[in-house]
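The first residue in the sequence is number 1, and the count goes up from there. Nothing here was measured: the structure is a model prediction, and the numbers come from that model.
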Amino acid sequence: MKNRMYLRHFLSAFLLMLAYSLITSAITLMVLPVVNRFGFSRGAFTVTSTLIMLPYLALSPFLGTLCAKIGLRRIVRIGAVCGAVSLFAMSFCHTLAQFYLAFLLGGLVFGPCSNYVASVILNNWFEKKRSFICAVIMTGTGVGGVLWGMIVPALVADFDYRAGYRFCSAAWFVLMTLCSLLICGLPDDVGVIPYGADKQQPTERLVCESPAARRGLLLQPKFRLLCLANFSLSLINSFYPHAQSYLVDHGYTVISAGWVLSLFSLVLVVCKLALGIHFEHCGLHRGILFPAVLDLISLILLFSGSTPLLCIAIVLFAANSSLVALTPLLSAGQVYNAQEFAAVWGILSCVSSVGNTVGVPLWGILYDVGGSYQMGFVLSVVLLGSWLSIYRYLLGRT
């Protein structure tokens, strides 16, 4: 009985991340076709990625309370319907204002109903081998990236951008509906303890009940440092939606660039699993050094702009995306206990996502102004050093 419950919630969290990859990977493959079709600038159109995060940012302080009152299953069901409608509406958009509105409305459910719920499931249902389980769950975005990288560019090439958005709408609805059938709630709701938890200790509730205690946690210096570090790393990762355009600028065809991104996603799956094992063995404090070095090499190769090396650079960039996926969740789980985590994670997870989406138009603006992404790669090296220093400091004190 208990093992079946653990498996159900493990699968539900994985499927939630697979659905979320439609937002992080699939719809980014429509950027170039839409920009070319309507003549938008890259900077102007990629503002849509920021608009997705505005509702997430506004809701983030209340997500724990909402999940406790409404229930995880109902949250996912609401997200299934509203997200599918938003993605389908994008296929009818013709102006920037229409795209902006569709993305803004979708932002109410994309992150809160998938990425956030998956994090809640992970931290409430699993205590033993959490780093590895987290890595496996987060491979959902990589698996999705592989699938969408093969399917979406072909759909867009054979039809147009509308087919891509409509496919994403149908896939989102199916995946989120499956998740809603698997989720039962929190361990306390079904009378079991988290996987690997001490049977003598009571499980902690999802929400930190005292508003004063929550405010106190949010004012702590370590919370602000975690926000700064996660935001910095996510800004680097926000280059990914521009990767296809960058490859095309250097002589790749749209289809071949799509295959490179699919290879990236495949490597991302392996990289996340490897890092999960690596962190279990070395610990997070020591373990982040090696992937940070790989990330640095990737940025240097991207800066060089050498066409034969760009495929290698994009593949190595999987180290950055893996760190963005795993380290915020794992570091918060080490710095805070379970009840504190519930109070701060809504904002911490949103900060990481905001960095990702705010950075997308910033990369576009750098390109529009300077004609290349070179300055962005230089700034990324600085941000990577900042992230590593903050994480080493906080984890060293844990």
Mind listing the closest non-hydrogen atom pair of [X] and [Y] along with its distance?
X: Ala332; Y: Leu348; value: CB-CD1, 3.9 Å
X: Cys168; Y: Leu22; value: O-CD1, 3.8 Å
X: Leu235; Y: Trp363; value: O-NE1, 3.2 Å
X: Ala318; Y: Leu268; value: O-CD1, 3.5 Å
X: Val156; Y: Gly164; value: CG2-CA, 4.4 Å
X: Met5; Y: Trp125; value: CB-CZ3, 3.9 Å

Count the heavy atoms of every other residue, nucleotide or ligand shown that sit under 6.0 Å from [atom1] of [X], and state whether that count exceeds 12.
X: Arg224; atom1: CZ; value: yes
X: Arg8; atom1: CZ; value: yes
X: His281; atom1: NE2; value: no
X: Phe290; atom1: CZ; value: no

Indicate, with yes or no, if [Y] and [X] share a hydrophobic cluster defined by side-chain heavy-atom contacts under 4.5 Å among Ile, Leu, Val, Met, Phe, Trp and Tyr.
X: Leu72; Y: Leu7; value: yes
X: Leu15; Y: Val81; value: no
X: Val351; Y: Leu329; value: yes
X: Ile277; Y: Leu275; value: yes

Quick one: [atom1] on [X] to [atom2] on [Y], what's the gap to the nearest 0.5 Å?
X: Ile121; Y: Ile133; atom1: CD1; atom2: CD1; value: 13.0 Å
X: Leu233; Y: Ser321; atom1: CG; atom2: OG; value: 9.0 Å
X: Phe45; Y: Met30; atom1: CZ; atom2: CE; value: 8.5 Å
X: Leu16; Y: Ser119; atom1: CG; atom2: OG; value: 9.5 Å
X: Leu395; Y: Leu284; atom1: CG; atom2: CG; value: 5.0 Å
X: Asn320; Y: Trp387; atom1: CG; atom2: CH2; value: 8.5 Å

Between Tyr391 and Ser331: side-chain donor-acceptor atoms closer than 3.5 Å: yes
When you check the side-chain N and O atoms of Asp160 and Tyr165, is any donor under 3.5 Å from an acceptor? no
Under 4.5 Å between any side-chain heavy atoms of [X] and [Y], yes or no?
X: Tyr20; Y: Met176; result: no
X: Val136; Y: Phe10; result: yes
X: Ser41; Y: Val35; result: no
X: Leu261; Y: Gln244; result: yes
X: Tyr367; Y: Tyr246; result: no
X: Leu289; Y: Arg392; result: yes
X: Leu326; Y: Cys134; result: yes

Under 3.5 Å donor-acceptor pairs involving side-chain atoms of residues 369-379, not counting sequence neighbours:
residue: Ser372; atom: OG; partner: Gln374; partner atom: N; Å: 3.4
residue: Tyr373; atom: OH; partner: Arg42; partner atom: NH1; Å: 3.2
residue: Tyr373; atom: OH; partner: His242; partner atom: ND1; Å: 3.1
residue: Gln374; atom: NE2; partner: Phe303; partner atom: O; Å: 2.4

Report the C-alpha distance between Cys311 and Leu263 in whole Å, list the side-chain angles of each, state the deciding distance to 0.1 Å, and finish with yes or no for side-chain contact (heavy atoms from CB on, under 4.5 Å). CA-CA 9 Å; Cys311 181; Leu263 178 60; 4.2 Å; yes
Give the C-alpha distance, both sets of side-chain angles, the deciding distance and a yes or no for ring pair (Phe, Tyr, Trp, His ring centres under 6.0 Å) between Phe159 and Phe167. CA-CA 12 Å; Phe159 302 97; Phe167 168 80; over 10 Å; no
Hey, mind stepping through Phe88 and Phe173 against side-chain contact (heavy atoms from CB on, under 4.5 Å) and telling me if it holds? CA-CA 11 Å; Phe88 193 76; Phe173 181 78; over 6 Å; no
Might you work through the side-chain contact (heavy atoms from CB on, under 4.5 Å) test for Leu388 and Asp295, ending with a clear yes or no? CA-CA 11 Å; Leu388 184 61; Asp295 195 4; over 6 Å; no
For Ile314 and Leu302, run side-chain contact (heavy atoms from CB on, under 4.5 Å): C-alpha distance rounded to whole Å, both residues' side-chain angles, the deciding distance at 0.1 Å, then the answer. CA-CA 8 Å; Ile314 296 295; Leu302 287 168; 3.9 Å; yes
On the 0 to 90° scale, with breaks at 30° and 60°, tag the Phe38-Tyr161 ring pair as parallel, tilted or perpendicular. perpendicular
Under 3.5 Å, side-chain donor or acceptor atoms of residues 141-151 against the rest of the protein: list the pairs with distances, not counting sequence neighbours.
residue: Thr141; atom: OG1; partner: Met138; partner atom: O; Å: 2.9
residue: Thr141; atom: OG1; partner: Lys272; partner atom: NZ; Å: 2.2
residue: Trp148; atom: NE1; partner: Ser21; partner atom: OG; Å: 2.7
residue: Trp148; atom: NE1; partner: Gly144; partner atom: O; Å: 3.2

Would you please name every residue forming a side-chain hydrogen bond (donor to acceptor under 3.5 Å, both in side chains) with Ser380, sequence neighbours left out? none
